[in-house]
K.L.:
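Before I ask anything, here is the structure I am working with.
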Amino acid sequence: MNGYLLNDFRRFETLNEYELSKIIGGNSDDVSINLKMLRVTKGVTQNEVACAVNVDVTTISMYENVKRIPSVDVIIALSEYYKTPIDDIMKH
């Protein structure tokens, strides 16, 4: 799986959205863009992604529209769903 990155990322599980946003550079725009790009590239709907990672479809919409930052658990689930390293979701 994501090995090194996943183990390092697990250290941040207790952070709230504000603390997590500071770690990813204080800018959640990149995460939102990356999530939307991954979804569109895979050719799936927000509803399909929401079902796969066990969140509400409005939550996926909020992630993609920079209104909310995914929790560590959701980022890991998204990484597994898209079969992509966590850094592809988090990168700037």
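These figures come from a predicted structure and were not determined experimentally.
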K.L.:
What's the spacing between Asp30 CG and Ile89 CD1 if we round to 0.5 Å?
P.N.:
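Going from CG on Asp30 over to CD1 on Ile89, the span is 13.0 Å.
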K.L.:
Ser79 side chain to Thr84 main-chain N or O, any donor-acceptor pair under 3.5 Å?
P.N.:
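Yes; at least one donor-acceptor contact below 3.5 Å.
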K.L.:
In this structure, would Met90 and Met62 fall into the same cluster of hydrophobic residues linked by side-chain contacts under 4.5 Å?
P.N.:
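No, because Met90 and Met62 fall into different hydrophobic clusters, even though each may have its own neighbours under 4.5 Å.
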K.L.:
I'd like to check the side chain to side chain contact (heavy atoms under 4.5 Å, CB included) partners of Ala77; sequence neighbours left out, ordered by chain and number.
P.N.:
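For Ala77 the side chain to side chain contact (heavy atoms under 4.5 Å, CB included) partners, ignoring immediate neighbours, are Val53.
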K.L.:
Of all the heavy-atom pairs spanning Tyr82 and Leu35, show the shortest one and how long it is.
P.N.:
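Heavy atoms of Tyr82 and Leu35 come nearest at OH-O, 4.0 Å.
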K.L.:
Go through the steps to decide whether Ile86 and Ile75 satisfy the test side-chain contact (heavy atoms from CB on, under 4.5 Å), and finish with yes or no.
P.N.:
CA-CA 7 Å; Ile86 290 169; Ile75 291 173; 4.0 Å; yes
K.L.:
For Asn65, give me all partners under side chain to side chain donor-acceptor pair (under 3.5 Å), at least two apart in sequence or on another chain.
P.N.:
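For Asn65 the side chain to side chain donor-acceptor pair (under 3.5 Å) partners, ignoring immediate neighbours, are Ser61.
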K.L.:
Any chance you could lay out the side-chain contact (heavy atoms from CB on, under 4.5 Å) test for Asn34 and Asp88, step after step, and finish with the verdict?
P.N.:
CA-CA 7 Å; Asn34 294 341; Asp88 284 354; over 6 Å; no
K.L.:
How long is the span from the CD1 atom in Ile33 to the CG atom in Leu38, to the nearest 0.5 Å?
P.N.:
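Taking CD1 in Ile33 and CG in Leu38, the distance rounds to 12.0 Å.
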K.L.:
Check Thr45 against Glu48 and note the closest heavy-atom contact, atom names and distance.
P.N.:
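So the two residues come closest at N-OE1, 2.7 Å.
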K.L.:
Quick one: does any side-chain atom of Lys42 pair with a main-chain N or O of Tyr81 as donor and acceptor, under 3.5 Å?
P.N.:
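Checking the backbone N and O of Tyr81 against the side chain of Lys42, a donor-acceptor pair under 3.5 Å is found.
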K.L.:
Measuring from Arg68:CZ to Ile60:CD1, what's the distance to the nearest 0.5 Å?
P.N.:
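Going from the CZ atom of Arg68 to the CD1 atom of Ile60 covers 10.0 Å.
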K.L.:
So which pairs with a foot in residues 51-65 pass salt bridge (Lys or Arg N to Asp or Glu O under 4.0 Å), sequence neighbours left out?
P.N.:
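Matches after skipping sequence neighbours: Arg39-Glu64.
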